[in-house]
Amino acid sequence: MIRRGLVACGITLAGAIVFPGATGVRAQGKLSPKWEELTAADFRLGIQQSRGTCLLPFGILEKHGPHLPLGTDLLNVRYASLEAVATEYAILFPEYYFGQIFEAKHEPGTVAYSLELQLKLLQETTDEMARNGCKKIVIVNGHGGNEHLLPLFGQAQMDKPHDYVVYVLDGVPSRPGGPPKKSTGVDYHAGENETSNTMVSHPDLVHLDRAASESGADQKRVNLPEDVYTGIWWYARFPNHYSGDGSLATKELGEWNMKNWIAAIVEAIRAAKADEQSLKIQNEFYEKSKHPLDTRP
Ligand SMILES: [Zn+2]
């Protein structure tokens, strides 16, 4: 995939018209999307340009088979998010990797914060983003272990009033088409898909020659009905914290996956920008929640 320069980003003139304070070249769409690269004054312009829409790409630090870097999820989600904001401008929050990863605590390099801290830090982060003008926050999830945490966090926003909306883009379902996959078994973690994606985002960090040095096969050590959940399921099936076969990866598959992921992020940014309803309905809900006995069926 050819990375687009920011100069070529697709920020429209119509977008620029809504910024009363925007002047000169910055109004032409050359603002960095990265929060940490903006000056304070340019940050104000960025908020105007993005119409208060900000991305929080969410990664993790965990083992990724024998051949991928610990930060694979963080590196890949930031790559896809940066590509997306080059097409549809939004401010990108800095590196964030404080998610749920208890199931990999037995592997070197895993950083697993307590559940309390995960939720508190995420809430304070989105609160601070919103205090700075990010009224529409799209959390782009890059880590499978967050798949329960993030919907819970989104739901928890109903507990107390917030003057902003949290949207969660929780992974991207594989789309039909693209290069045929070679894997025959499961491919959940550091396997053919994820290794292919990393060959696009950070090819220099992929050690393909090591990918077959451990097994990523499903060891099926617990047998329970599908609708019964137990936390040890992941370790029971994939004790090497590896699921699939990364040695089958190809750059072509990675390009296809990344293209779809980037398109889904662009779609989510545009949907958030266009969404005039969620905040209004949230406010209606918060107001009624103060006096539930007065509401009518
Ligand atoms: Zn991963």
Side-chain angles (χ1 to χ4, degrees), residues 1 55-84 95-113 118 122 139-151 168-175 181 183 185-208 210-218 231 233-251 253-262 264-265:
M1 180 172 303
L55 292 195
L56 178 55
F58 201 142
I60 202 77
L61 295 175
E62 60 171 333
K63 178 185 174 185
H64 270 79
H67 61 294
L68 295 180
L70 296 166
T72 293
D73 291 357
L74 181 65
L75 296 167
N76 285 347
V77 75
R78 289 194 66 81
Y79 175 88
S81 297
L82 266 167
E83 290 286 327
E95 273 82 356
Y96 195 92
Y97 50 87
F98 315 106
Q100 190 298 117
I101 188 55
F102 301 129
E103 64 272 29
K105 283 182 80 171
H106 62 303
E107 298 287 5
T110 300
V111 178
Y113 294 96
Q118 291 168 40
L122 189 53
I139 301 177
V140 184
N141 187 25
H143 168 53
N146 283 342
E147 68 191 355
H148 302 298
L149 177 78
L150 291 177
V168 177
L169 182 63
D170 193 15
V172 179
S174 55
R175 301 193 180 187
K181 283 191 69 184
S183 299
V186 289
D187 180 21
Y188 293 156
H189 182 69
E192 184 182 354
N193 267 323
E194 196 166 31
T195 305
S196 298
N197 298 351
T198 314
M199 286 168 80
V200 173
S201 71
H202 291 81
D204 50 320
L205 300 180
V206 177
H207 306 281
L208 208 57
R210 303 182 202 168
S213 65
E214 288 179 10
S215 170
D218 187 347
W233 77 272
W234 176 265
Y235 177 80
R237 291 178 65 178
F238 309 108
N240 297 325
H241 209 55
Y242 183 20
S243 166
D245 185 353
S247 71
L248 302 174
T250 62
K251 200 169 176 210
L253 179 63
E255 282 168 350
W256 169 258
N257 290 340
M258 279 296 188
K259 189 178 86 167
N260 289 325
W261 195 6
I262 293 160
I265 299 170

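Ligands are counted one by one from 1 in listed order, and the atoms in each one are counted from 1 as well. By convention here, the first residue in the shown sequence is residue 1.
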Q: Between N141 and N146, is a side-chain hydrogen bond (donor to acceptor under 3.5 Å, both in side chains) present by the stated rule, with each step listed?
A: CA-CA 7 Å; N141 187 25; N146 283 342; 3.3 Å; yes
Q: In this structure, are over 12 heavy atoms from other groups packed under 6.0 Å from Y97 atom OH?
A: no
Q: Determine which of the N, O or S atoms in D73 is closest to the Zn ion (ligand 1) and give its atom name.
A: OD1
Q: Applying side-chain hydrogen bond (donor to acceptor under 3.5 Å, both in side chains), name anything that partners N240, two or more places apart in sequence or on another chain.
A: none
Q: In H64, the N, O or S atom nearest to the Zn ion (ligand 1) is which?
A: NE2
Q: Can you name the N/O/S atom of E194 that is nearest the Zn ion (ligand 1)?
A: OE2
Q: Just one of H106, H241, H189 clears the ring-ring contact (aromatic ring centres under 6.0 Å, His included) bar with Y235, so which one?
A: H106
